[in-house]
Novice: 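First the structure, then my questions, so here it is.
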Amino acid sequence: MAYEKNGIEYPSVTTILGILDKSAALKQWAANCACEHIRNNLEVIKNPQGAHDIDQLLKEAATAFNRTSEKALDIGSQVHNAIERYIKEKRDLSGELPEGVQNGFLAFLEWESKNHVVWEKSEIEIVSTKYGYAGTADAIAVINGHRYLIDFKTSKAIYDEYRMQLAAYLLGWNDEYAGDVKIDNAAVLRLDKETGEPEFRDLSKDIGDRSRAFLKLLDYYYFEKKRKLKNNPFVKAVWEGVA
């Protein structure tokens with residue numbers, strides 16, 4: 001995914017982070033998806049109507065991870081949309097949402113009810129013209145007296161790469177958009193779509209180190225990938241050793 005500003009295309013933060021090697025965890029997750037699909041269809045193995053049934057089951061199991069991923073992305077997107085409408089329109093959609101989306105949204109409401117939260121911005125597009133990347137942060141809010149840049153997640157856990165993602169957003173905000181409102185804190189609010197439980201994690205510690213690590217990864221992205229991005233000066237600059 002690329003963002004465009006003033007005729008220049010910039011790679012997204014998530015695209016840049018996508019070059020990190022997560023294969024070990026993904027392999028296990030894909031295997032788990034296959035096992036779960038077979039477990040849910042044991043009657044086909046116990047009482048097959050023919051060899052075709054077994055072959056079809058194995059074929060479906062081999063691609064179960066795709067369906068699981070698509071479903072999770074759809075639920076996550078719907079949770080984000082419900083939260084955005086709540087923040088911008090003050091509209092509570094609880095009771096109107098599908099089960100997984102409902103659980104995520106209720107987790108958000110539960111967390112908010114237990115904290116003093118003043119929402120300031122939602123869905124903030126950040127384009128770093130200084131470093132050459134872009135992304136969309138979910139929200140900025142004052143939480144219990146401290147201003148945070150926040151990302152909402154519906155994942156099963158809070159993964160280490162989220163630290164670098166938030167660091168990139170925070171760096172871009174403070175460089176390009178802060179004005180008189182510099183933000184020092186970043187956090188993930190994980191909303192469990194199965195249990196409906198919220199998990200708030202302050203990721204402000206070592207945020208400077210994470211920012212520097214992200215910029216190294218960004219250099220690698222431009223150098224190794226040599227992406228074609230319209231009018232983007234960083235691609236050529238990195239290859240010439242300028243940036």
Side-chain angles (χ1 to χ4, degrees), residues 3 5 10-18 20 76-77 79-90 104-193 195-218:
Y3 289 72
K5 182 176 182 179
Y10 297 94
S12 71
V13 170
T14 51
T15 296
I16 295 157
L17 292 175
L20 293 171
S77 178
V79 172
H80 276 73
N81 289 339
I83 294 173
E84 183 182 3
R85 294 187 67 179
Y86 177 84
I87 293 173
K88 291 182 175 179
E89 304 172 15
K90 309 301 181 186
F105 186 63
L106 289 177
F108 166 80
L109 294 180
E110 179 184 344
W111 170 81
E112 187 194 47
S113 70
K114 294 179 179 179
N115 295 274
H116 185 269
V117 184
V118 179
W119 298 106
E120 296 185 336
K121 293 181 181 293
S122 176
E123 291 296 303
I124 311 107
E125 184 174 295
I126 297 170
V127 179
S128 174
T129 58
K130 179 178 179 180
Y131 296 110
Y133 67 88
T136 301
D138 289 332
I140 294 174
V142 177
I143 304 169
N144 302 325
H146 301 282
R147 182 171 284 104
Y148 281 86
L149 188 148
I150 308 170
D151 219 44
F152 305 123
K153 301 293 186 184
T154 54
S155 52
K156 290 185 176 294
I158 295 177
Y159 301 111
D160 192 55
E161 69 184 77
Y162 296 163
R163 295 180 181 275
M164 206 179 294
Q165 182 182 4
L166 268 293
Y169 291 159
L170 199 60
L171 177 65
W173 170 266
N174 286 330
D175 276 348
E176 306 263 348
Y177 303 93
D180 296 328
V181 185
K182 184 176 182 293
I183 304 175
D184 296 317
N185 305 298
V188 162
L189 176 58
R190 190 180 74 85
L191 308 166
D192 198 302
K193 54 185 178 288
T195 67
E197 293 293 325
E199 180 184 4
F200 183 83
R201 181 81 59 83
D202 189 322
L203 302 181
S204 306
K205 185 179 179 182
D206 301 326
I207 200 78
D209 290 339
R210 299 286 176 171
S211 299
R212 287 185 284 274
F214 174 78
L215 293 178
K216 295 292 185 182
L217 187 64
L218 178 61

Novice: When you measure from the side chain of D202 to the backbone of S204, do you find a donor-acceptor pair of N or O atoms at a distance under 3.5 Å?
Specialist: yes
Novice: Evaluate I143 against W111 for side chain to side chain contact (heavy atoms under 4.5 Å, CB included), listing each step before the verdict.
Specialist: CA-CA 11 Å; I143 304 169; W111 170 81; 3.8 Å; yes
Novice: Kindly give the heavy-atom pair with the smallest separation between T154 and G76, and that separation in Å.
Specialist: OG1-CA, 3.4 Å
Novice: Set out, in order, the CA-CA distance, both residues' side-chain angles and the distance that settles side chain to side chain contact (heavy atoms under 4.5 Å, CB included) for I124 and Y169, then state yes or no.
Specialist: CA-CA 10 Å; I124 311 107; Y169 291 159; over 6 Å; no
Novice: Let me confirm one number: the CD-CD distance from E125 to E123, rounded to the nearest 0.5 Å.
Specialist: 10.0 Å
Novice: Hey, are the side chains of W119 and I150 touching, using non-hydrogen atoms and a 4.5 Å cut-off?
Specialist: yes
Novice: When you compare the side chains of Y3 and T136, does any donor N or O come within less than 3.5 Å of an acceptor on the partner?
Specialist: yes
Novice: How would you list, by chain and number, every residue that makes a side chain to side chain donor-acceptor pair (under 3.5 Å) with E120, sequence neighbours excluded?
Specialist: R147
Novice: Do any N or O atoms from the side chain of Y133 and from the backbone of A168 form a donor-acceptor pair under 3.5 angstrom?
Specialist: yes
Novice: Nearest heavy-atom pair of F152 and H80: which atoms, and what distance?
Specialist: O-NE2, 2.9 Å
Novice: Using a strict threshold of under 4.0 Å (side-chain N to carboxylate O), is an ion pair present between D160 and R210?
Specialist: yes
Novice: Would you name the heavy atoms of F105 and V79 that are closest together and state the gap between them?
Specialist: N-CG1, 4.3 Å
Novice: L149 pairs by side chain to side chain contact (heavy atoms under 4.5 Å, CB included) with which of D138, L166, L203?
Specialist: L166
Novice: For the residue pair Y162 and S155, what are the closest heavy atoms and their distance?
Specialist: OH-OG, 3.0 Å
Novice: Are the aromatic ring centres of Y131 and F214 under 6.0 angstrom apart?
Specialist: no
Novice: To the nearest 0.5 angstrom, please state how far the CZ atom of R212 sits from the CG atom of L171.
Specialist: 10.0 Å
Novice: After noting the C-alpha distance and the side-chain angles of I126 and V13, does the key distance pass the side chain to side chain contact (heavy atoms under 4.5 Å, CB included) rule?
Specialist: CA-CA 10 Å; I126 297 170; V13 170; over 6 Å; no
Novice: Does K153 form a side chain to side chain contact (heavy atoms under 4.5 Å, CB included) with Q165? I'd like the steps, not just the answer.
Specialist: CA-CA 12 Å; K153 301 293 186 184; Q165 182 182 4; 2.9 Å; yes
Novice: Rounded to the nearest 0.5 Å, how far does CD1 of I158 lie from CG of L189?
Specialist: 8.5 Å
Novice: For K216, enumerate each residue passing the salt bridge (charged side-chain N to carboxylate O under 4.0 Å, His left out) test, keeping only those at least two apart in sequence or located in another chain.
Specialist: none
Novice: For K121, which residues count as a side chain to side chain donor-acceptor pair (under 3.5 Å) partner, sequence neighbours excluded?
Specialist: none
Novice: To check you understand the geometry: which heavy-atom pair defines the closest contact between N185 and L170, and what is its length?
Specialist: O-CD1, 4.0 Å
Novice: Could you pull out all residues at least two apart from E84 that satisfy salt bridge (charged side-chain N to carboxylate O under 4.0 Å, His left out)?
Specialist: K88
Novice: Say you draw a straight line from CD of E112 to CD1 of I87; how long is it, rounded to the nearest 0.5 Å?
Specialist: 8.0 Å
Novice: Between the main-chain N or O of A137 and the side-chain N or O of D151, is there a donor-acceptor pair closer than 3.5 Å?
Specialist: no
Novice: Under 30°, 30 to 60°, or over 60°: which ring-plane class applies to F200 and Y148, parallel, tilted or perpendicular?
Specialist: perpendicular
Novice: Do you know which two heavy atoms are closest between S128 and G172, and how far apart they sit?
Specialist: CB-CA, 4.5 Å
Novice: Kindly write out the residues that satisfy salt bridge (charged side-chain N to carboxylate O under 4.0 Å, His left out) with D184, not counting sequence neighbours, or none if the list is empty.
Specialist: K182
Novice: Going by salt bridge (charged side-chain N to carboxylate O under 4.0 Å, His left out), name the residues that satisfy it together with R190, two or more places apart in sequence or in a different chain.
Specialist: D192, E199
